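Taking it in order: structure first as structure tokens, then the write-up.
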Amino acid sequence: MTNPLYDALFGIHARKTTPFLRLLDGQVITHMDFLATSAQIANVMTQIGLRPGDRVAVQVEKSPESLMLYAACAQAGLIFLPLNTAYTVDELSYFIENSGASLIVCGSKSKEKLGDLAKKFNVEIETLDADGGGTLMALAALMPMSFATVDRQGNDLAALLYTSGTTGRSKGAMLTQNNLLSNAQTLAKEWRFTSKDILLHALPIFHTHGLFVAINVTLVAGSSMIFMPRFDLDQIVSQVSEATTMMGVPTFYTRLLNDERFTKDLVAHMRLFVSGSAPLLSETHVQFEKRTGHRILERYGMTETNMNTSNPYEGERRARTVGFPLPGIEIKITNPDTGGTVPNGQVGQIEVRGPNVFKGYWGMPKKTAAELREDGFFITGDLGKIDEDGYIQIIGRNKDLIISGGYNIYPKEIELILDGQPDVLESAVIGVPHPDFGETVLGVIVPENGVTPDTDAIMETVRHSLARFKHPRKLLILEELPRNTMGKVQKNILRKQFQGMFAH
Ligand code: MLC
Ligand code: AMP
């Protein structure tokens, strides 16, 4: 009986009394204790009636128990479906229905609101709070501390991660055991992770970066983590001297640079800082090295593919590039119109093929076929080029996407709401530079029949419908939107016009 993902990430540690999670209150959770509790959770889910292949939708605060739930899903052959804690009930409703989840795990405070959804879609619901309280752990405490690991194949699904689409509807990226495992093994080797490493973990664990990159790499290497509830400057400054490595989005690094306590001495013992999920400004890269003596290692990935490229561990880590394709992964730059490969140095769309590339979008064969070629290359929607030394540069995006503090925001989703508001003829949502989040959301609306729309009422609707990080930081009213001769809205003109709106 085998379960490649569980065996390689968790099973190998089953008898180890070595630290896995180091918490801020000084508590240490060993691998063995972690796995005993996760086995109890696997027993709960199986007793509730869940069967291999069922989806478990999880919207909970970051905690050791939430990570145990991930391990329990792997052990029981269930498909883990983590959800941003900022998502509203409207957003969740879609994910629950689309995925056909069998179980929702949410915080106690959300139980009432999500309870209605659970009833509507006939889904079981359990609660899990930041402190480990709630019905899930109460049931787990009554269960045996061992669970017969469910047999799985590498091609079986391990996780479903929703990523927004250009049409405004999110798509569930189906990630197999092999997708996750191959990438974790490759990254651990490339970045030289060993059992001696201690990773400072301050990322959320409902996205690829915090979950699959940070945690899976730690697990395959047998390293441990300082497990923080969220990114908090005071906590980072107080804990970093205990760590050897850190992974973060660019906002982490700009915030650290703005803090005088973050000095060369404080991080002298650190081995590696990794950045990704959004472009790292050259200025940040340079300033960080000046301040700390460390060159940040920038890598490039996405939900559908895990990590694709990385700057070298040894060798030059080049600013404004994302390095080279990872071993076993192919990258080509193609002409978006013809699909043909363009010569090095020329900008085109980035395509990727390898064991990391997902299986397709859940229940969306047409969307899958449009982005995942028959020969296995996935069209990322990012634009880039390969420089004379083989380093890959991301130049822009072929998809209408805003990345704010590492979170992806698809303008279409917001525009659909704005367009539906009283006295609004049409709208355009754009990303503009922001000193903290890299980019932030700006909404532009055009009034209907010369009547000025009530922007406060519109923002209230937006607040009800969408997660906070997607809210426009400002709503502007314009007489009309710039259009080209084909009638297409020219967002580049709007971006240029308002680029200084949130500048320093
Ligand atoms: C929080 N807010 C955000 C935001 N995060 N708004 C826009 N963009 C964000 N990213 C909201 C808060 O709700 C708050 O609202 C206000 O902005 C200010 O909050 P804050 O306290 O300053 O923010 P904070 O909680 O500190 O969060 C910022 C952050 C966090 C950068 C630490 O967003 C974060 O951890 N980002 C990491 C995202 C990530 O993991 N991405 C990986 C995706 S995987 P109010 O109401 O108070 O104004 C992927 C693939 C790959 O992309 O390659 O890795
Ligand atoms: P997501 O869909 O949330 O997984 O986000 C993936 C997207 O983040 C990619 O398609 C890129 O546009 C962007 N991204 C990830 N890493 C980097 C990076 N190092 N530099 C620039 N963009 C990045």
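Order of listing sets the numbers, starting from 1, for every ligand and every atom in it. As the structure is a computational prediction, the values presented were derived from the model and not from experiment. Both backbone and side-chain heavy atoms feed into the values below; hydrogens, waters and symmetry mates do not. For this chain, numbers begin at 1 and follow the sequence in order.
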Whether Thr208 lies under 4.0 Å from ligand 2, heavy atom: no

Shortest protein contact, atom 21 (C) of ligand 2 (heavy atom only): Pro279 N, 3.4 Å

Check: Arg468/Tyr87 side-chain N/O donor and acceptor closer than 3.5 Å: no

Protein contact of atom 13 (O) of ligand 1 - nearest heavy atom, named by residue and atom, plus distance: Arg468 CG, 3.3 Å

Distance from atom 7 (C) of ligand 1 to nearest protein heavy atom, with residue and atom: Ser404 OG, 3.0 Å

Side chain, backbone, both or neither: Lys399 near ligand 2, heavy atoms under 4.0 Å: side chain

Short side-chain donor-acceptor distance under 3.5 Å, Asn183 and Thr186: no

Proximity to ligand 2 by part of Glu298, non-hydrogen separation under 4.0 Å: side chain

Quiz item: cation-pi between Arg271 and Phe193, 6.0 Å / 45°: yes

Proximity of Thr303 to ligand 2 by residue part, where a heavy atom lies under 4.0 Å: both

Exam field: side chain Lys491 to backbone Val429, donor-acceptor pair closer than 3.5 Å: yes

Atom 13 (C) of ligand 2 - nearest protein heavy atom and its distance: Ile403 CD1, 3.5 Å

Heavy-atom nearest neighbour in the protein, as seen from atom 3 (O) of ligand 2, with distance rounded to 0.1 Å: Asn408 ND2, 2.9 Å

Thr309 and Arg299: side chain donor to acceptor below 3.5 Å: no

Sub-3.5 Å N/O-N/O distance, Asp382 and ligand 2: yes

Side-chain H-bond candidate by donor/acceptor type, Thr305 with Asn356, under 3.5 Å: no

Whether Arg299 lies under 4.0 Å from ligand 1, heavy atom: yes

Test item, Tyr300 contacting ligand 1 (heavy atom, 4.0 angstrom): no

Glu298 (side chain) donor-acceptor with Leu280 (main chain) under 3.5 angstrom: yes

Proximal candidate to atom 32 (C) of ligand 1 [heavy atom criterion; set Phe231, Tyr407, Phe437]: Phe231

Nearest-neighbour protein heavy atom for atom 6 (C) of ligand 2, which is reported as residue plus atom name and distance: Met302 CB, 3.4 Å

Ligand 2 N/O within reach of Tyr300 N/O, cut-off under 3.5 Å: no

Atom 42 (C) of ligand 1: the protein heavy-atom neighbour that sits closest, reported with distance to 0.1 Å: Ser277 OG, 3.4 Å

Atom 41 (N) of ligand 1 [closest protein heavy-atom partner, distance rounded to 0.1 Å]: Gly406 O, 2.9 Å

Nearest non-hydrogen protein atom, atom 50 (C) of ligand 1: Met302 CA, 3.9 Å

Pair Thr88, Glu91: side-chain N/O donor-acceptor within cut-off below 3.5 Å: yes

Residue-ligand contact Arg473/ligand 1, heavy atom below 4.0 Å: yes

Contact with ligand 1 for Pro204, non-hydrogen, under 4.0 angstrom: yes

Min N/O separation Glu304 to ligand 2 under 3.5 Å: no

Protein heavy atom at shortest distance from atom 25 (O) of ligand 1: Arg230 NH2, 3.1 Å

For atom 36 (N) of ligand 1, the protein heavy atom that lies nearest, with its residue and separation: Gly405 O, 3.0 Å

Residue of the set Ile226, Thr245, Thr218 for which side chain to side chain contact (heavy atoms under 4.5 Å, CB included) holds with Ile198: Ile226

Test item: side-chain donor near acceptor, Thr334 and Gln349, under 3.5 Å: yes

Region of Leu280 engaging ligand 2 - heavy atom pairs below 4.0 Å: neither

Ligand 2 contact on Ser275 by region, counting heavy-atom pairs under 4.0 Å: neither

Heavy-atom closest contact (His201 atom, Met225 atom, distance): CD2-SD, 3.6 Å

Pair Phe262 and Phe288, ring centroids less than 6.0 Å apart: yes

Test item, Arg299 contacting ligand 2 (heavy atom, 4.0 angstrom): yes

Exercise: do Asp90 and Ser93 side chains pair donor with acceptor under 3.5 Å: no

Close N or O approach (Gly301, ligand 1; < 3.5 Å): yes

Test side chain to side chain donor-acceptor pair (under 3.5 Å) applied to Tyr361 and Glu371, Lys366, Lys367, the passing residue: Glu371

Backbone or side-chain N or O of Arg255 under 3.5 Å from ligand 1 N or O: yes

Contact check, His471 vs ligand 1, heavy-atom distance below 4.0 Å: no

Between Asn311 and Tyr391: side-chain donor-acceptor atoms closer than 3.5 Å: no

Ser277, any N or O under 3.5 Å of ligand 2 N or O: yes

